[in-house]
Amino acid sequence: MSSTPATTAAATTHSSGASGANHGAKRSRPERSGWRNLGTSDMPLRKYTPTPTLGTARLHNTQDFGHADFYPAKPLSGENQLTERTIRYGYVDPLVVENEYQSNHEVVYSRLQDTRVFQELQMFAAGVAQKQGARGNVAGKELPRLPNRAVKTEEQRDEWVRALANPRVPLSVLVGRTPFGLRGDRLLDALSQNQVPLQRALWAIRLVGVYEMLGMQTREPDLSGMATLASQFTVQWSKQFMQFVERTLAAAPTEADTSTSASSWAQNWAFCLGLFHAQYSHGLVDQRHMVSWLVGLLRQLPVDKCMLALPLLADYASEIGKSRNPLRKLISATVFRIDHATKYPALERFQTRLCKFLVSLFIEYPDAFVEPTTWMAYRAALVSAGHLCNDDVQPELRRLLAVVDKRNRCFDNLLPVAEVRKPTGKENSGPLKVLGAMSPDTDVALLFSELFSRQQDTSPTHTIRLICYWAVEDHITGFSSQFRTLVAARLCRLYLDQPSVALADVQRAVIGFLDIIRLPKASDSANDVRKLAIRRTCLLLERLADVGCFSISRYLQLLTARGDFFGTNSATVRSQRHLEYVTNMACRTVEELDQRHMLLRDCNNGVSMQDEVSERLKADISALLPFMMAYTCAAPLRARDNERKPSVGLDVVQWWMPVASGGGDLFDPKILPAPVKFAPTLSSSLAQVACTKDWIAPVPDHADDHVLLGRGFSAHATKMLATGSRGAVHHVVGQLMPVVYDYVVKEVKVGVDNWRVITRPGTSLLNRRQAAVVICVLVDAECFAQLLDFLFWILNHTRVVQVSALAHHTLRRFAHVWRLLGRLPMAVADL
C-alpha cells in the first residue's frame, strides 16, 4: 500500500507530537537555514582580518605604531620576508627609536669639567634640598616668648636642679624660675649628680640652649637667624658634651678605689650613656662632630678606658659606616689596638673584644677593607681574630676574606713592596722565598719558571715588582746588590721573551715599583743609607736597560707627561723620589741626556756632572794612564800637523785637559800638557816627548813604572764609586771609552823611522798594563756591558799576545755575568 505525501506529513507531525509528549519539557533545537546544503552551497567564506578589541587605544596619534598589546601578522612584515640574511642569521627586529640606548655621558661629562657648570649643579641640588626642608617645616612664624632668667645663688641653682629631678614638679613651673648661669659643663655635672630623668634632662638642655641662642643674637630674633645660630650652637654644645664624656671616662675607678666610689661612678656612666643616646636620637648633638670624636676615641684613650668605650663604638658603628673615611679610621685604630694588645698577656680579654668588634665591622662593611696599601695588615688581624669568634661566623668570614682579598689583588700596582719584608702564613711560599733560596749555581731559567708559574696566586706585574724589591732591598742578605740586580734583569728579560709580553708591560711594572718603593728618610745619621738605596735602584735600572727591559727615554717622557716636576706636583713624596732617581741615574745617549737636562731645568734642579766623584775619578784615571791621556790631549795638534780632522771629539779632549794648563787654544803647543804633569813616576824620556807624533805600535812601559801595574783606585775613590752617583760614574766612563777606542794606529805615511813596523790603521795601541787598567776601571764601576764590548773590541783590534790573553782571561772570569746578561754565547764564540 503506497502512502501519499499528505499521509506522510501527517504521520510525521504525529510522530513529532508524540516525541514531544514523551520528552516532556525538552525544547527542540531551532532550525537554521544556513546549515542546510553545506556541501553544495556556492557562498565563499569571508576573509578574517585581525582587529583589536573594541576600545583599545592607539600607541601614537600620528605614527602607525599600532595598538597596545596587539601585534597582528602582516603579509609584508619583516619576519615574513625570506631574504638570504634572514635565512642565514635569523630575523633581527629593528629598534622603533634609534637612539633608545644611546648615552649622553660624554656630552654631560665634558660639561662637568667646567667649574662654573659644576657649581651651578651644586647650587641646584642644594636649592632643592632647602625647598624640601622649608616645605616640611610647620613651625610658627614667631618665636616663643620666654621669661627672663634670674640671677640666683649656688644653693638656688641646686634647688632648681633637684626640682627638675622630681617628676612631680610640673615643667611649666620650672620655666619661670630658670636660673642664669646654669649652662655647659655646670649643667651637665648638675644633671649627672642629681640623676635627672632623661626626658626632663633633654627638656632642660633644650631650654638652656634656646636661652643661649637668644643671647647670642645681636639683633631682633627671627627664624632665619635662629636657624643659623642653632647649627652653630649644636656644634658648640656637642664639643662640651664630648668633653663631659671624656671627663667621666677619665674618672673611672681603679682597683685601689672603694666599692662606694665604683658604684657612684657606674651610675654616672650609665646616665652619661643614656643621655648620649637620647640627645643623638633627638638631634641635639652634631652628627659629624660626634662621628669624628668617636673615631679618634679608640686611638687616644688609655688601654683600660678603651674597654669602656667599646660598647659606645659598637652602638654607633652604623652611623660611622655612613661615611667611608671615618670608617676606615676606625678600622685602622682597631687593628692598631689589636696589635698593641697581642704584646701583653694581661690584655687577652680586651684583645678578644676588639677582635670580635673588627670581625663585625668586616662582615657589615667589607667594602671598607678594599684598601690595597693596608690590606695585608688588615688581613693578618682578621685571620687571627677569626679564631676567637664563634663557629657560626667562620664560614661567612672565610668567604668575605676570599672576596676582599681578590678585590685587593686587582690593585697590585698599589701594594706597598715594603710590606713583604716580614711575610706570614701563605706568603712564606711566595716569590721572595723562592728568590731567597737560590744559590749562585741556580739555573735562572728554572728559577723563572718557578716564579712565574704562580700566576694563580700573584700576577706577573706584582712578581716583577717583588723581584725588583729583592734586588734593591738592603735587608736581603746572602748576595750582593750587584749579583741581585743582574739576576733581576735576567728574570725580566726571560719574561719579556714570552710571546704575549711587550716591552711596555715590563716598563709599566718597573715604573710602578719606582712609584711605591720607600726610601730611608734623609737625615744626618741615615744620609749614607739613603744614598746607597738610590744607588742600588739606579744600578737596577742600568741592568734592565742593558738587557733591553727598560727604556730610560720612555721613563723620562712619562715623568714629563705626568707633570711630576711641575708646579705643586714637585713637592710630593713620589716626585721627590723620582727626582733623585733622575738626578743620579745613568744616561748613555745624547737624547737621554738632553731629555734629562730639559726635565730637570723645568724644576730648577740642574745636573752638574763635574762634582767631587767625577773629579776624583778623573784624577785617578789620569794617574794610572798618563801617556794615554797626554796622547789624547795632543790629538788636535797631531791632526793639524797631518792635515786631517781630529778622530776624537774636542769636548772629550777638553774634559781630560788638566786644570793646570789653564784651558785656551787646544792647538797651542805651549799649553799642551807633558806626560810628566800627569804622573811624575812616568820616567821614560821617550814617552815624555812622544805624545806629539802618531804611533804605529804600543808604547812599552819603562822598567821603573812597574808599580803602576798593580795600582788601582785610591781608597777615597773606591768609596765614592760605592756610594756616589751612578750618573757621575757613567759620565767618567763615557769620557774614558772614546779615548780608549781612539787610542789606535792612524793612517800615517811610511818613512825611514817606521818602515820596519808594518801595522794596519785601527790597530789598538794599548799595552798590557793599560788594558788591565781599563778593565779594572770598568769592573770597579760595575759597567759590565761596556766591559764586554771593550773585550770584544780588544780581541778584534790588538796584535799584542799578552793583551789578547788578558781579554780571554777576563771573559772566563766573568762568565756568570755574561750568562745573566744573556750574552754568554757571544763570549763563548770569541773564546
Side-chain angles (χ1 to χ4, degrees), residues 468-469 471-474 480-489 492 507 510-511 513-514 517 519-520 522 527-556 559 576-597 599-600 605-618 620-621 655 713 716-737 774 776-790 817 820-821:
C468 295
Y469 165 76
V472 303
E473 180 56 43
D474 57 340
S480 63
S481 60
Q482 181 183 117
F483 175 75
R484 282 184 277 132
T485 53
L486 287 169
V487 173
C492 292
Q507 180 98 2
V510 175
I511 292 177
F513 164 76
L514 297 178
I517 186 64
L519 295 176
N527 194 20
D528 291 338
V529 178
R530 186 178 181 86
K531 286 183 178 180
L532 289 173
I534 296 172
R535 181 187 179 277
R536 288 191 297 268
T537 306
C538 294
L539 184 61
L540 174 63
L541 297 181
E542 292 177 30
R543 298 288 186 258
L544 294 173
D546 289 338
V547 298
C549 292
F550 189 77
S551 172
I552 301 295
S553 178
R554 291 185 180 181
Y555 172 54
L556 297 176
L559 295 179
Q576 290 298 318
R577 286 200 303 266
H578 283 289
L579 179 61
E580 294 187 83
Y581 296 150
V582 173
T583 305
N584 292 276
M585 70 190 304
C587 297
R588 301 176 182 176
T589 64
V590 179
E591 292 78 7
E592 294 174 357
L593 290 171
D594 292 340
Q595 287 180 356
R596 178 171 65 176
H597 177 71
L599 187 62
L600 297 180
N605 190 351
V607 179
S608 178
M609 290 300 179
Q610 302 297 335
D611 54 2
E612 185 181 0
V613 178
S614 299
E615 290 299 324
R616 185 65 190 180
L617 295 179
K618 172 184 173 181
D620 281 24
I621 293 174
W655 195 83
F713 283 122
H716 185 55
T718 304
K719 183 179 179 180
M720 286 184 174
L721 281 173
T723 60
S725 167
R726 292 297 302 172
V729 172
H730 264 271
H731 181 68
V732 175
V733 173
Q735 298 292 341
L736 172 63
M737 299 316 294
V774 174
C776 290
V777 170
L778 294 177
V779 171
D780 292 342
E782 300 182 21
C783 299
F784 293 105
Q786 290 86 335
L787 173 61
L788 185 58
D789 294 336
F790 170 71
V817 177
L820 294 176
L821 288 177

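We use all heavy atoms of the structure for the numbers below, so side chains are in, but hydrogens, waters and symmetry mates are not.
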(message) Determine whether F513 and Y469 satisfy the following criterion, ring pair (Phe, Tyr, Trp, His ring centres under 6.0 Å), listing intermediate values before the conclusion.
(response) CA-CA 8 Å; F513 164 76; Y469 165 76; 7.5 Å; no
(message) Please evaluate residues V732 and K618 with respect to the criterion side-chain contact (heavy atoms from CB on, under 4.5 Å), reporting the C-alpha separation (whole Å), side-chain torsions for both, the decisive distance (0.1 Å), and the verdict.
(response) CA-CA 7 Å; V732 175; K618 172 184 173 181; 5.5 Å; no
(message) The test is salt bridge (Lys or Arg N to Asp or Glu O under 4.0 Å); show your working for R530 and E580 and say whether it passes.
(response) CA-CA 10 Å; R530 186 178 181 86; E580 294 187 83; 2.5 Å; yes
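Of all heavy-atom pairs spanning T583 and S725, the tightest one is O-OG, 4.2 Å. Of all the heavy atoms in Q482 and L539, the pair that sits closest is CA-CD2, 4.4 Å. Shortest non-hydrogen contact noted between A781 and V733 is CB-CG2, 4.1 Å. Between V472 and R484 the shortest heavy-atom distance is N-NH1, 4.0 Å. Shortest non-hydrogen contact noted between Y581 and T537 is CE2-CG2, 3.8 Å. Residues C587 and E592 share a closest heavy-atom pair of CA-OE1, 3.6 Å.
In this structure, R577 has no salt bridge (charged side-chain N to carboxylate O under 4.0 Å, His left out) partners at least two apart in sequence or on a different chain. Legend: residues meeting salt bridge (charged side-chain N to carboxylate O under 4.0 Å, His left out) with E782, ordered by chain and number and at least two apart, are R535, R543. Contacts of D594 classified as salt bridge (charged side-chain N to carboxylate O under 4.0 Å, His left out), with partners at least two apart in sequence or in another chain: none.
The residue from L736, V729, L787 that alone fulfils the side chain to side chain contact (heavy atoms under 4.5 Å, CB included) condition with V777 is L736. Across V510, L541, L544, a single residue satisfies side chain to side chain contact (heavy atoms under 4.5 Å, CB included) together with C549, and that is L544.
Contact of the V582 side chain with the Y555 side chain is registered, since non-hydrogen atoms from C-beta on lie closer than 4.5 Å. Two residues are said to be in side-chain contact when any heavy atoms from C-beta on lie closer than 4.5 Å; R588 and D546 meet this criterion. With a 4.5 Å cut-off on side-chain heavy atoms, L820 and F784 do not count as touching. S553 is not listed as a side-chain neighbour of E591, based on a closest heavy-atom distance of 4.5 Å or more. Using a 4.5 Å heavy-atom threshold, the side chains of V817 and F483 count as separate. Put simply, the side chain of R536 does not reach to within 4.5 Å of the side chain of L540, judged on heavy atoms.
Atom CZ of F550 and atom SG of C468 lie 9.5 Å apart (nearest 0.5 Å). For the atom pair CG (L514) and CE (M585), the distance works out to 8.5 Å, reported to the nearest 0.5 Å.
Remark: the backbone N or O of E542 is not paired with any side-chain donor or acceptor of R726 at under 3.5 angstrom. With hydrogens and angles ignored, the 3.5 Å screen pairs no side-chain donor or acceptor of Q735 with any backbone N or O of H731. Side-chain N or O atoms of R554 include none that pairs as donor or acceptor with a backbone N or O of Q507 at under 3.5 Å.
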